[in-house]
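Start at 1 with the first residue, then count along the sequence.
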Amino acid sequence: MRLLSFLLLLFLSQAKADQKQTNFVLVMADDQGWGQTGYNEHPVLKTPHLDEMASKGLLFDRFYAGGPVCSPTRATILTGRTHDRTGVFDHGYALRKQEKTLPQAMKNAGYATGHFGKWHLNGLRGPGVPV
């Protein structure tokens, strides 16, 4: 995680030096193994958009989940800290409001940020709870 943070800071500092910002897209999928993509020659699964992104950019092929389930992993990715330190011990635990997050740092550096998909970091539990 510290390596990822270091690389991000390196990219951000280079973008500032060039006065041109690099685009970043972080794609996360639940329960997807490293070999379950077309660019890793999966015999059945077709992932044309991921294949195209992999062919045109830097590919991290050794990335491990930061927690045992989805919410702790998202908290780890967003903060660069272990999920226990963020307060997200399992699904349904809230990310502590005082946590500094990667999207906040990128926004402060002049990036537009967005999130699409599951969140599960607001501390609500049970059926019918909004995500």
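- If you take OG1 on Thr113 and CG on Asn108, they are separated by 10.0 Å, rounding to the nearest 0.5 Å.
- Contact check for Pro68 versus His83: side-chain heavy atoms found under the 4.5 Å cut-off.
- A donor-acceptor pair is defined here as one N or O able to donate and one able to accept, closer than 3.5 Å; no such pair exists between the side chain of Ser71 and the backbone of Leu121.
- Here the OG1-CZ distance, from Thr76 to Arg81, works out to 10.0 Å after rounding to the nearest 0.5 Å.
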- Message: As a quick check of understanding, evaluate side chain to side chain contact (heavy atoms under 4.5 Å, CB included) for Thr47 and His42, giving each step before the final call.
- Response: CA-CA 9 Å; Thr47 56; His42 193 278; over 6 Å; no

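- Shown here is Arg96, whose CZ atom has more than 12 heavy atoms of other residues, nucleotides or ligands within 6.0 Å.
- The shortest non-hydrogen separation linking Gln104 to Glu99 is OE1-O, 3.5 Å.
- In this structure, the separation between CD on Gln32 and CG on Leu45 is 8.0 Å, given to the nearest 0.5 Å.
- The minimum heavy-atom distance between Tyr39 and Asp51, with the atom names listed, is N-OD1, 2.9 Å.
- Across every non-hydrogen atom of Gly67 and Pro72, the tightest pair is CA-CB, 4.1 Å.
- Residue Tyr111 holds its OH atom at 5.0 Å from OG1 of Thr22, rounded to the nearest 0.5 Å.
- Distance check: Lys100 NZ to Thr86 OG1 gives 14.5 Å after rounding to the nearest 0.5 Å.
- Within the 4.5 Å cutoff, side-chain heavy atoms of Thr79 are placed close to those of Leu95.
- Crowding of Glu41 atom CD: a count of heavy atoms from other residues, nucleotides or ligands under 6.0 Å not exceeding 12.
- Other residues, nucleotides and ligands contribute over 12 non-hydrogen atoms within 6.0 Å of the NE2 atom of His115.
- Note: Lys46 NZ to Thr37 OG1 = 11.5 Å, rounded to the nearest 0.5 Å.
- Among all heavy-atom pairs drawn from Val27 and Val25, the shortest one is CG2-CG1, 3.8 Å.
- Taking every heavy atom of both residues into account, Gly33 and Gln36 meet most closely at N-OE1, 2.5 Å.
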